[in-house]
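Following: one structure in structure tokens, then a few remarks.
In what follows, chains are A, B, ... by sequence order, proteins preceding strands, each numbered from 1. Note that the structure is a prediction, hence the values are computed from the model and not measured.
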2 protein chains.
Amino acid sequence: MTAMLSIGDLARATGVKPTTIRWYEQEGWLPPAARTEGGHRAYGPAHLRRLGFIRHARELGFQSAAIRALLDLASHPEADCSQAHDLATAQIRDIDDRLRRLSALRAELERMATSCAGGVVGECRVIETLADFGHGHCGDPEHGAMPRA
Amino acid sequence: MTAMLSIGDLARATGVKPTTIRWYEQEGWLPPAARTEGGHRAYGPAHLRRLGFIRHARELGFQSAAIRALLDLASHPEADCSQAHDLATAQIRDIDDRLRRLSALRAELERMATSCAGGVVGECRVIETLADFGHGHCGDPEHGAMPRA
DNA sequence: CCTTGAACCTCCAGCCGCTGGAAGTCCCAT
DNA sequence: ATGGGACTTCCAGCGGCTGGAGGTTCAAGG
């Protein structure tokens, strides 16, 4: 018989905090743990694996619905895995999207920062760029960069 | 006198929903709007600029504290802009970080997806990789990939 | 065996950044 | 004048946790 793990052991093993583990149980992400005589939660390797699965999937940016789907799949080992494959490739597309957008943001920030001459806020490109909400077309050029409140 | 804008006009002009605009006012991100006789909010160009600033900064991923700081700076046009520059470069570093992590995730997902032979969930690399919470070192290899609940 | 103090328990409230609904009022084109 | 959209306020709820209060249990050291 494998030694039972306390919630703290599980937390250390997976990097998920005890409070979060309890919350996962509450929300049905984890099945209820066994209890010791005194009422403390006692976990086995199955919980460890499932929690690791969840944490890993979250780290990879899967949406909760996708994680639920993957967990469902995982508990039916005889089923076809094309769905899992689809979920993973959807996730890749999503990440590609985010990478693209982040790069664009980076480029804009870079432009902002490098064109800041270090003078006075009134002429600061960082502020001006942000105020330029029309994306390159300033709606009201005769006013200063910003309202005072 | 510039025509006053209704909250809906402002929403259309900036892409921020009316409810969100009201919430920004509530939380002090925007100064209270003027009112018509009947109590409807009436905005001028200053609000338009400030709201655009906020939206743009949020799109660029600035934290709320950073946005507040930028707004403060923007309302003191005679101040030194080095703080704005610092905030922008901090933001760039943050984005670089996120880009790095996203690329790593992408690589892992790619590995998962390409090694999925399309068979049965029991042998699916996608599921297995996720269950492999130890990051390449499986804690309990004699068990199946996943607990059933 | 007893003590101590860390870890655990439950319950509940709060965080951020909005979003939506209900119920009522206003504005303006026809 | 009227109809229906846009507006008003208030309040509750979302996801994904996090933290505190107040009480109990566990395990190591004496």
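One interatomic measurement links the two molecules: CG of A:D9 to C1' of D:dT25, which rounds to 15 Å at whole-angstrom precision. Look at CD1 on A:I67: it is 11 Å from C1' on D:dG16, rounded to the nearest Å. If you take CD of A:Q26 and C1' of C:dT10, they are 10 Å apart, rounded to a whole angstrom. Taking atom CZ of residue B:R55 and atom P of nucleotide C:dG17, one finds them 17 Å apart after rounding to whole Å. Rounded to an integer number of Å, the gap from A:L51 CG to D:dG16 C1' is 15 Å. Atom-to-atom, CD1 of A:I7 to C1' of D:dC26 comes out at 15 Å; the value is rounded to the nearest Å. Summarising the geometry, the separation between CZ on A:R22 and P on D:dT18 is reported as 12 Å, rounded to the nearest angstrom. For B:L30 and C:dC18, the CG to P distance is 12 Å, given to the nearest whole Å.
Nucleic acid contact class of B:R12 (heavy atoms, under 4.0 Å, all strands): none. The residue B:R41 sits close only to the backbone: its heavy atoms come under 4.0 Å of sugar-phosphate atoms, none of a base.
Distance from the side chain of B:K17 is smallest for C:dT19 among the nucleotides C:dT19, C:dC8, C:dC27. Taking every side-chain heavy atom of B:T20 into account, C:dC18 is the closest of D:dC26, D:dC7, C:dC18. In this structure, of C:dC18, D:dT8, C:dC9, it is C:dC18 that holds the atom nearest to the side chain of B:W23. Distances were taken from every side-chain heavy atom of B:R35 (C-beta onward) to each of D:dT8, C:dT10, D:dG16; the shortest belongs to D:dT8.
Heavy-atom nearest nucleotides on DNA chain C were determined for B:E37 and for B:R58, and the one closer to the 5' end corresponds to B:R58. Map A:G39 and B:A42 each onto its nearest nucleotide of DNA chain D; the residue landing nearer the 5' end is B:A42.
Across A:I21 and A:I7, no two heavy atoms sit closer than the pair CD1-O, 3.8 Å. When all heavy atoms of A:E25 and A:Y43 are compared, the closest pair comes out as OE1-OH, 3.8 Å. Smallest separation of non-hydrogen atoms from A:D80 and A:L73: O-CD2, 4.4 Å.
Surrounding CD of A:Q26 are at most 12 heavy atoms belonging to other residues, nucleotides or ligands under 6.0 Å away.
Looking at A:H47 and A:P31, their side chains come closer than 4.5 Å, going by heavy atoms from C-beta outward. Annotation: side chain of A:I54 is not in contact with side chain of A:T14 (no heavy-atom distance under 4.5 Å).
Contact between the side-chain N/O atoms of A:Y24 and the OP1/OP2 oxygens of D:dG16 is not found at any separation under 4.0 Å. Between A:T36 and D:dT25, a side-chain N or O to OP1/OP2 separation shorter than 4.0 Å is absent. Under 4.0 angstrom from either OP1 or OP2 of D:dC7 there lies at least one side-chain N or O belonging to B:S6. Residue A:T19 places no side-chain N or O under 4.0 Å from the OP1 or OP2 atom of D:dC17.
Within residues 93-102 of chain B, no residue approaches DNA chain C, by heavy-atom distance under 4.0 Å.
Sorted by first and then second residue, the side chain to side chain donor-acceptor pair (under 3.5 Å) pairs with a member in residues 64-73 of chain A form an empty list; sequence neighbours excluded.
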Would you check, one step at a time, whether the test salt bridge (Lys or Arg N to Asp or Glu O under 4.0 Å) holds for B:R93 with B:D96? CA-CA 5 Å; B:R93 256 180 283 119; B:D96 281 344; over 6 Å; no

